[in-house]
Amino acid sequence: MPEDDLYREIILEHASHPHHHGTVTSATHTTEGRNPVCGDEIALSWNEKDGKVSDIAFDGTGCSISQAAASILCDSVIGLPTSQALACARSFRAMLVEGTAPEDDMSDMAALQGVQAYPARVKCALLAWNLLAESLEAEEQSHD
Amino acid sequence: MTTSAHPLAHFDVQEIRKDFPILNDGTRTRPLSYLDSAATSQKPAVVLNAMHDYYVHANANVHRGVHELGDAATSRFEHARHRVARFLNADPRGLIFVRNTTEALNLVATGIARQGGLMASDRVVLSVLEHHSNIVPWQLERSTHGFAIAAIPLHPDGTLDMDEARKLLAPPTKLLSITYQSNVLGTVTPLKELIAMAHEAGILVAVDGAQRVPHARVDMKDLNCDFFAMSGHKVYGPMGSGILWGKPELLSSMSPFLGGGSMIDTVTFERTTWAELPQKFEAGTPDVAAAVGLAAACDYIDSLTYEAIEAHEKDLMQHLLHMLDSLPYIDVYGPNDRERIVGAVSFNVRGVHAHDVGTICDRHGVAIRVGHHCCQPLMRHLGVPATARASVAAYVTHDDIDSLGEALADVASIFGQVITQHTSPASQMEHRHA
Ligand SMILES: Cc1ncc(COP(=O)(O)O)c(C=O)c1O
């Protein structure tokens, strides 16, 4: 049986056993958002140390896509310099919104590429990533 | 009521499906099992043709001008009003064309509150079942007029707590605004009993009939409510067609909703007087084609007969509920007495978010609604963020429901591991007590 284009093993695994689930203690940044259509809710908390995302976690409820995307996000950006984390969020967005091919270093993020074929679900996958991007962009501007 | 033949004797669903162009759309490449009629029904060709015919033969602005087409348009519009009024056994003077239920309920809330009918010392009673369109208009008026809002609570199975209702239908309550049939649970509220209780206490009653008219005859004289809101698009009529019906003496004393052309008697910069009913509440150019289409939908329902529709839908709901109840990983919301679930049913696949269920159903060509259904207070009562909802209509078949069953089996196979975690004996206990 060919692998499901949307509900791939990796995604189901992240959704049922999410990584970095919870909140980061004494977080330097917190942000939360919801998807009013679906009711998906995500709260992100992260710590910035020496220009890097030193720790990150998410909390929330929602469909498997929104939860898996948040889990994958945390895996992907932890330890990255904030500028790279933002670049990462932008390429993820480009993959889902513009249909750009995933980059080689995207690992689990690329597993969500199939969401592109389900327009109603794109916003589920983007919820956590948009929150992170907005938070990082606000951060960047405050340093300018 | 005819007593001779069984209502289903002449009801051939395959024949009925031929009336609906979208169910025979040769350009489709995927199958379609449309189980989302509670969101909006499909439209029979007679409705589409009536609208087309209006534009081809009679289009002009109504209630203005003196030319032939203007007369033809006015005549078709007013004919539509009388047709819909007859359909609801209602006084046509109180029948106002609006876009949908939402607009109708906003009209009632604004019209009463603005005229001073709802003041800071008053209370409006709703119920936890309500659609946001029967909550938010009252909150908007509350922000200006300061009255209180209370909601009749529900039993765990989603039925109204009538003891609490009785307590709330007393001073300082001025108005009860309540749904006739839940768009989430498919349950029908004991409306006649509520109306009698309310009227005894001098309380006005507005009814959200959006989900009732698709499934059963509604008779304004028999029901004796004060206001009744419905959407044409849920009863085989076009989008943009809706009705507010109100008792003419009440509508006469209310403030207009929108101001503008058609709704005035005389206008000076000092003072404007209102047109007679129903024009007082129909400001601006109306959607004549939508009204004509809704009248055609009334004809269509009457040609099928409500008796036959009800019998067919009852059979479908039995098949649907039997299927859902036979799947160990499904939770059905609503009363255990399944006969009380009419037209639509909400459920969840245990441990799986409704949006995932909806997406997998869609891949099987099965259209269901997933989400909070514009009923967040009810979702909170049920303790879930969202549900999946399947709904039936005259053109739905057993095959459509069987396709849903196959799609749900696919959900179970994709999410098997998650479902197993949630159907362990321990978690089942939790569910019962939740
Ligand atoms: C019970 C109920 N009330 C009100 C509405 C609102 O209807 P509309 O969107 O046509 O205004 C709906 C439909 O979604 C409904 O199901």
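Throughout, protein chains are lettered first and strands after them, A, B, ... in sequence-line order, and every chain is numbered starting at 1.
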Requested in this report: Sort and list the pairs that fulfil salt bridge (Lys or Arg N to Asp or Glu O under 4.0 Å) and have at least one residue in residues 89-101 of chain A, not counting sequence neighbours.
Outcome: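 Listed once each, the pairs are Arg90(A)-Glu137(A).
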
**Report entry** Arg363(B) and Tyr118(A) side chains, donor-acceptor separation under 3.5 Å
**Finding:**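 Present: a donor and an acceptor within the cut-off.
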
Query - Heavy-atom neighbours of Lys52(A) NZ exceed 12 at 6.0 Å - result: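 Open.
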
Query raised in the report: Around atom CZ of Arg99(B), are there more than 12 heavy atoms of other residues, nucleotides or ligands at under 6.0 Å?
Result: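 Result for CZ/Arg99(B): open.
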
Query raised in the report: Who wins among Ile414(B), Ile360(B), Asp356(B) for the most heavy-atom pairs under 4.5 Å with chain A?
Result: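 Among Ile414(B), Ile360(B), Asp356(B), the one with the most close pairs to chain A is Asp356(B).
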
Query - For Ala120(A), all residues meeting side-chain contact (heavy atoms from CB on, under 4.5 Å), sequence neighbours excluded - result: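 Per chain and number, Ala120(A) pairs via side-chain contact (heavy atoms from CB on, under 4.5 Å) with no residue.
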
Enumerate, atom names and distances included, each donor-acceptor pair closer than 3.5 Å involving a side-chain atom of residues 21-30 of chain B, sequence neighbours excluded.
residue	atom	partner	partner atom	Å
Asn24(B)	ND2	Arg17(B)	O	2.9
Asn24(B)	ND2	Phe20(B)	O	3.0
Asp25(B)	OD1	Thr27(B)	N	2.9
Asp25(B)	OD1	Thr27(B)	OG1	2.6
Asp25(B)	OD2	Thr27(B)	OG1	3.2
Arg28(B)	NE	Arg30(B)	O	3.1
Arg28(B)	NH2	Arg30(B)	O	3.3
Arg28(B)	NH2	Pro31(B)	O	2.9
Arg30(B)	NH2	Asp362(B)	O	2.3

Query raised in the report: Which of residues 57-75 of chain A get closer than 4.5 angstrom to chain B, counting heavy atoms alone?
Result: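 Near chain B, by residue number: Gly62(A), Cys63(A), Ser64(A), Ile65(A).
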
Query raised in the report: Would you say the side-chain atoms of His355(B) pair up with the backbone N or O of Cys124(A), donor to acceptor, closer than 3.5 Å?
Result: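 Answer holds: no.
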
